[in-house]
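Here is the structure we will look at, set down as structure tokens.
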Amino acid sequence: MKKFLKLVLLGIIAITVFSYSQDIPDGVKRIVEQLKTDPAREWGFYDAKGSGYIDQKVKFKNFIPGLPVECYYLDFDKLDTADLSTPINKLIKKSNLWYIPILVDNSYSYHVLVRLKGGDFILVGCGGGPGIGFRTEKENDWDKVREKYPESTRISPLCIIDGNRQFLHFPNEKPNNLFYFRHPKFDDSISLMTSRSLDSLDDAEKVLRYRKKEWKAFIKEREKLSKENPGNKKRNGGIDE
């Protein structure tokens, strides 16, 4: 019996250690704990209700902050010159942004955003759905992710932000994999070339080849606009971060 209890205890400790991985900054952990224990925390339980993001009937015990996910930017300066077989983790850069998906009555229907600013992590936003681009009108991709990869599996993906596109990369799976968030109903070339399947994660190479081509075309267009409008120093948005 003692041996059994010891194994159970070790299992609980393992899950706890994973939930607060060394890769998650202390400042992010602190905000997670505050959201768990203080319903009045800014952009927490009461704010979610007040903003209409969650139903008024939801109880605080059913408002459960999940494992934080770190967001990265696709680094076009590296992509521009890199071989397309380069590992995806060599083509991204830190955004200092984390999102905390929150389980509300068994669905990830709310999130808060955390950013590193002035040496500390602060809350900078919130919304319906668990994070940037993770929710469509009829689907919740993060529910699907955690259904296939529950937090207890110790599998945590990286979120890669690419303008108004978002991807997940699973470091534990086959090399250079990507999962695309954008719904196929949108008129979007990457939707047409990717499967949106968590069972057969897409190879990053075809997406990177397409984005590299788009980026080069964007640079040429920006150079053309710069010559035509030499006084306009404003950065042309949309493609890069």
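Worth saying up front: this structure is predicted, and the values here are computed from it rather than measured.
The minimum heavy-atom distance between Tyr149 and Leu198, with the atom names listed, is OH-O, 3.8 Å. Pairing each heavy atom of Cys71 with each of Ile161, the nearest pair is CB-CD1, 3.9 Å. Across every non-hydrogen atom of Pro157 and Arg146, the tightest pair is CD-NH2, 4.1 Å. Taking each heavy atom of Ser107 and Asp143 in turn, the nearest pair found is OG-OD2, 2.8 Å. Heavy-atom minimum distance, Trp43 versus Cys126: CD1-SG, 3.4 Å. For the pair Tyr180 and Gln166, the tightest heavy-atom approach, listed with the atom from each and the gap, is CD1-O, 3.4 Å.
Between Phe170 and Val145 there is a side-chain heavy-atom pair separated by less than 4.5 Å. Val104 is not listed as a side-chain neighbour of Tyr53, based on a closest heavy-atom distance of 4.5 Å or more. For the pair Arg115/Phe121, no side-chain contact is recorded, criterion being any heavy-atom separation below 4.5 Å from C-beta on. With a 4.5 Å cut-off on side-chain heavy atoms, Val58 and Phe45 count as touching. Residues Leu67 and Ile24 have side chains in contact (heavy-atom distance under 4.5 Å, counting atoms from C-beta outward). The side-chain heavy atoms of Leu74 and Leu208, taken from C-beta on, include a pair separated by under 4.5 Å. The side-chain heavy atoms of Leu116 and Trp98, taken from C-beta on, include no pair separated by under 4.5 Å. Annotation: side chain of Ile160 is in contact with side chain of Leu178 (closest heavy-atom distance under 4.5 Å).
A donor-acceptor distance shorter than 3.5 angstrom exists from the side chain of Ser197 to the backbone of Asp199, with no hydrogens or angles considered. One N or O on the side chain of Lys49 and one on the backbone of Gln56 form a donor-acceptor pair closer than 3.5 Å. Between the side chain of Asn176 and the main chain of Asp203, no donor-acceptor pair closer than 3.5 Å is present. Put simply, the side chain of Lys117 never gets that close to the backbone of Ile122: no donor and acceptor are under 3.5 Å apart. Formation of a donor-acceptor pair under 3.5 Å by the Lys212 side chain with backbone atoms of Ala82 is found in this model.
With rounding to the nearest 0.5 Å, the separation of NZ in Lys216 from CZ in Phe76 is 12.0 Å. With rounding to the nearest 0.5 Å, the separation of CZ in Arg211 from CG in Leu84 is 13.0 Å. Here Leu158 contributes atom CG and Asn89 contributes atom CG; the two are 8.0 Å apart, rounded to the nearest 0.5 Å. The distance from the CD1 atom of Ile102 to the OG atom of Ser109 is 9.0 Å, given to the nearest 0.5 Å. Summarising the geometry, atom CZ belonging to Phe167 is positioned 8.5 Å from atom CD1 belonging to Ile88; distances are rounded to the nearest 0.5 Å. Rounding to the nearest 0.5 angstrom, the gap separating the OG1 atom in Thr37 from the CD atom in Gln34 is 7.0 Å.
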With side chain to side chain contact (heavy atoms under 4.5 Å, CB included) as the test, would you mind laying out the steps for Leu123 and Val114 before giving the verdict?
CA-CA 5 Å; Leu123 282 163; Val114 179; 3.9 Å; yes

Given side chain to side chain contact (heavy atoms under 4.5 Å, CB included), test Lys94 with Tyr72 step by step and report yes or no.
CA-CA 5 Å; Lys94 284 182 176 291; Tyr72 292 78; 3.7 Å; yes

What's the verdict on side chain to side chain contact (heavy atoms under 4.5 Å, CB included) for Glu70 and Val28, showing C-alpha distance, side-chain angles and the deciding distance?
CA-CA 10 Å; Glu70 187 171 11; Val28 177; over 6 Å; no

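Counting heavy-atom neighbours within 6.0 Å of Lys59 NZ, excluding the residue itself, gives a total of 12 or less.
Between Arg209 and Glu205 there is a salt bridge, since a side-chain N of the basic residue sits under 4.0 Å from a carboxylate O of the acidic one. Glu33 has a carboxylate O that lies under 4.0 Å from a charged side-chain N of Lys36, or vice versa, which qualifies the two as a salt bridge. For the pair Lys57 and Asp105, the salt-bridge criterion is not met [side-chain N within less than 4.0 Å of a carboxylate O]. With salt bridges taken as basic N to acidic carboxylate O contacts below 4.0 Å, one links Glu214 and Arg165. Between Lys90 and Asp83 no salt bridge is recorded (no basic side-chain N to carboxylate O distance below 4.0 Å).
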